[in-house]
Amino acid sequence: MSMALGQVICVLDPDDAAARDARMIAAGADPQHALPPTPPPVLGDGVLQRTPDGNRAPGAGHLAPQYELTHQGRTALLDDLTGGGFTVLTDGNAPLAALDDTDRAFLTGIGAHIVALFENSAPPEGYLDAPDGYLPHLREHGHAAAIVRPDFYLFGAAGDGAGLHDLVRQLREHLRRPAARAAGVPQPLPTAAEQ
């Protein structure tokens, strides 16, 4: 962003500077229209989903979108409804069937919110999604589920229930390592896939 702003501010040619000024004045000095678009923020390495070869999974580390949902008669943004923390978004209840007792206990233990999304009507525990909300976004990318971190960045996504089970396992492994290190528990050497 600093480099993009520098290219706007540090224009040495008088004609280019005049064209820049005219463009900014025409945009009403609105930064969203007058300045060049900035790339979306993406996290570096860290607590993010990995592919079997150890690379960051596509989309992991990107800022998650924020949409309104309706839950038990209340309509608000996702984090206003859940109160923050880890959030597991699913396309209906079907992906949740693949979670075992260990997965569920782990998610409960970290205070994760299970947000099963529905299009037209939702069961009492479900969330009604907006027409241009999470479900179209998930489906466009071939995802049946996603885990959003407390900082609103995407931990990772899964194409089906089995993938969600693996996604929860990966999150559990990521969160267990730092806690064990802090407690002084010796850690095994990382596998080639983890390096």
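For clarity, every value in this text was computed on a predicted model and none was experimentally measured.
- Follow the hydrophobic side-chain contacts under 4.5 Å out from L138 and you reach V148 in the same cluster.
- Not one N or O on the side chain of H165 forms a donor-acceptor pair closer than 3.5 Å with the backbone of G161.
- Taking CG of D79 as the start and OG1 of T87 as the end, the distance is 8.0 Å to the nearest 0.5 Å.
- Using a 4.5 Å heavy-atom cutoff, the side chains of V115 and L81 are not in contact.
- Residues E68 and D80 form no side-chain contact, since every pair of their non-hydrogen atoms from C-beta on lies 4.5 Å or further apart.
- Taking the side chain to side chain contact (heavy atoms under 4.5 Å, CB included) definition, one finds that A157 meets it with H143, A146, sequence neighbours left out.
- Sorted by first and then second residue, the ring-ring contact (aromatic ring centres under 6.0 Å, His included) pairs involving residues 81-106 (not counting sequence neighbours) form an empty list.
- Counting only heavy atoms from C-beta outward, the side chains of V168 and L164 approach each other to under 4.5 Å.
- D160 pairs by the salt bridge (charged side-chain N to carboxylate O under 4.0 Å, His left out) definition with nothing, not counting sequence neighbours.
- Counting all heavy atoms, side chain and backbone alike, G159 lies closest to A144 at O-CB, 3.4 Å.
- Listed here is the closest heavy atom pair of V11 and A17: CG1-N, 3.4 Å.
- Within the 3.5 Å criterion, the main-chain N or O of Y153 finds no donor-acceptor partner in the side chain of H62.
- Here the straight-line distance linking atom CG of L89 with atom NE2 of H137 works out to 9.5 Å at 0.5 Å rounding.
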- Message: What verdict does the side-chain contact (heavy atoms from CB on, under 4.5 Å) test give for R50 and R56, after you've listed the backbone C-alpha separation in whole Å, the side-chain angles of each residue and the deciding distance to 0.1 Å?
- Response: CA-CA 5 Å; R50 299 286 170 181; R56 180 172 45 191; 3.6 Å; yes
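- L128 and L78 are not part of a single hydrophobic cluster, where members link through side-chain heavy atoms under 4.5 Å apart.
- Every residue was checked against the ring-ring contact (aromatic ring centres under 6.0 Å, His included) condition with F152, not counting sequence neighbours, and none meets it.
- Aromatic ring orientation, Y67 versus Y134: perpendicular (interplanar angle above 60°, classes split at 30° and 60°).
- Here the shortest heavy-atom pairing between G133 and P136 reads O-CD, 3.2 Å.
- Here the shortest heavy-atom pairing between E119 and L135 reads CG-CD1, 3.6 Å.
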- Show the numbers, then the answer: is there a side-chain contact (heavy atoms from CB on, under 4.5 Å) between L48 and R149? CA-CA 9 Å; L48 300 171; R149 299 169 13 149; 3.8 Å; yes
Please list, one pair per line, the donor and acceptor atoms closer than 3.5 Å that link side chains of residues 92-101 to other protein atoms, with sequence neighbours excluded.
| residue | atom | partner | partner atom | Å |
| --- | --- | --- | --- | --- |
| D100 | OD1 | T102 | N | 3.1 |
| D100 | OD1 | D103 | N | 2.8 |

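- Annotation for P58 and T51: closest pair CD-CG2, 4.3 Å, computed over non-hydrogen atoms.
- Under the 4.5 Å side-chain criterion, counting only non-hydrogen atoms from C-beta, L69 is in contact with D129.
- Hydrophobic clustering (side-chain heavy atoms under 4.5 Å, transitive across Ile, Leu, Val, Met, Phe, Trp, Tyr) keeps Y127 apart from V88.
- Side-chain atoms of R169 and D166, non-hydrogen and from C-beta on, do get closer than 4.5 Å to each other.
- Both I110 and I147 are part of a single hydrophobic cluster, where members link through side-chain heavy atoms under 4.5 Å apart.
- D13 and D16 make their closest contact through OD2-N, 2.8 Å (heavy atoms, listed as atom of the first residue, atom of the second, distance).
- Every residue was checked against the side chain to side chain contact (heavy atoms under 4.5 Å, CB included) condition with Q72, not counting sequence neighbours, and none meets it.
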